[in-house]
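Contents: one structure, followed by commentary.
Counting starts at 1 for both ligands and their atoms, in listed order.
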Amino acid sequence: MRKIGVLTSGGDAPGMNAAIRAVVRKAIYHGLEVTGFKRGYHGLIFGEYTDLQLGSVADVIHRGGTVLRTARSREFLEPAGRLRALEVIRESGIEGLIIIGGDGSFRGAVELEKLGVRTVGIPGTIDNDIAFTDYSIGFDTAVNNVIDAINKLRDTATSHERVYVIEVMGRTSGYIALSAGVAGGAESIIVPEIPFDMDDILERMHRGIKRGKLHSIILVAEGAAGAMDIAEIIKKKTSLDVRVTILGHLQRGGTPTAFDRILASRMGACAVDFLRSGCCGQMVGLVDGDLKFTPYEEALNTRKEFPEVLYNLATILAI
Ligand code: F6P
């Protein structure tokens, strides 16, 4: 193997740059050339690629986003788009491709594998919704971004003795809400994985007020309910002063945490070794501290287990 490619696809995630850097540096260390494709699968189809040298990834480890840019390519969903991508891959001379992204990106990788392209996946998504990895790149930073926001909102919530309903991202997963809720000391956490009972949430709020709590923080995962709707119910059923904050894309930006940088560095280097050893068609994951590979199909067909034990603990601690 003399040349490999790398791309980032789907929603950006803090730490993707650290992963690109690791891929480039580890590959060059072993004497390989590296091509970077721009805007994910879009760059594969439209021939937007560039050689990456050691210096191309200087000064990026601390930056959020992705220097290769990213996109959700509609053309790649069509067979004609994928055939064009195959031509570009052949023309570029790469013999293996590292794909950094979430489940949609891995579905694309499966299609490339069917066309005979050797690929390896690195999970990069703030949602942490990919099975067979305890963490995906970007999740830790996103959770810390949410906690930072909760800390600030708590100050004003306490001063005004208000209820704050905070909506966080995660698509159909409640991982961000749960982790940020536990670390941020939220009174209630609403996630798609566990049915919620509004009366129970209200009851808990009233109990808190009775024993002198000055505020309530309710964290809602976007896949479970809308923060506005939850706030409306609280307004209708109580006389409490309620405010809503939808954190949106603020969660996805900013400098990656040390955890995400280290995870990305390890995964990037490991993915290069995987291709060099002649393997392909799998994604790398962090399982109990070690990096392990799982075939795409298995990962894509498995719903990531939700840590109910942690959810139950959060409920107890917010008593
Ligand atoms: O998958 C990452 C994510 O940030 C989700 O949490 C969110 O639902 C979605 O992407 C938002 O997508 P977009 O950036 O296209 O608005």
The one among Glu222, Met169, Gln251, Arg252 that brings a heavy atom closest to atom 14 (O) of ligand 1: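 Going through Glu222, Met169, Gln251, Arg252 one by one, Arg252 has the nearest heavy atom to atom 14 (O) of ligand 1.
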With heavy atoms only and a cut-off of under 4.0 Å, state how Ile126 meets ligand 1: side chain, backbone, both or neither.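 Side chain only.
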Which pairs of donor and acceptor atoms, one on a side chain in residues 40-57, lie under 3.5 Å apart (sequence neighbours left out)?
unit_1	atom_1	unit_2	atom_2	d
Tyr41	OH	Ser105	O	2.5
Tyr41	OH	Ala109	N	3.2
His42	NE2	Glu48	OE2	3.4
Glu48	OE1	Arg39	NH1	2.9
Tyr49	OH	Glu91	OE2	2.5
Ser56	OG	Gln53	N	2.6
Ser56	OG	Gln53	O	3.1

So, is Gly170 polar-close to ligand 1, with some N/O to N/O distance under 3.5 Å?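 Indeed, backbone or side chain, Gly170 has an N or O that close.
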Please state whether the rings of Phe274 and Phe293 are parallel, tilted or perpendicular, taking 30° and 60° as the class boundaries.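 Because their plane-to-plane angle is under 30°, the rings of Phe274 and Phe293 count as parallel.
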Donor-acceptor pair, Glu95 side chain versus Arg2 backbone, under 3.5 Å?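 Side chain of Glu95 to backbone of Arg2: a pair is present.
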Which pairs with one or both residues in residues 140-152 pass salt bridge (Lys or Arg N to Asp or Glu O under 4.0 Å), sequence neighbours excluded?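 Listed by first then second residue: Asp148-Lys152.
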Distance check, rounded to the nearest 0.5 Å: Met205 atom CE versus Thr238 atom OG1?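 Met205 atom CE to Thr238 atom OG1 measures 5.0 Å (nearest 0.5 Å).
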Should you measure from each heavy atom of His249, which atoms of ligand 1 turn up under 4.0 Å away?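 Selected atoms, number and element: 13 (P), 14 (O), 16 (O).
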Identify, by atom number and element, the atoms of ligand 1 in contact range of Asp127, meaning under 4.0 Å from any of its heavy atoms.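 Going through ligand 1 atom by atom, the ones under 4.0 Å from Asp127 are 1 (O), 2 (C), 3 (C), 5 (C), 6 (O).
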Residue and atom name of the nearest protein heavy atom (relative to atom 15 (O) of ligand 1), distance in Å to one decimal: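 Heavy-atom neighbour on the protein nearest atom 15 (O) of ligand 1: Arg72 NH1, 2.6 Å.
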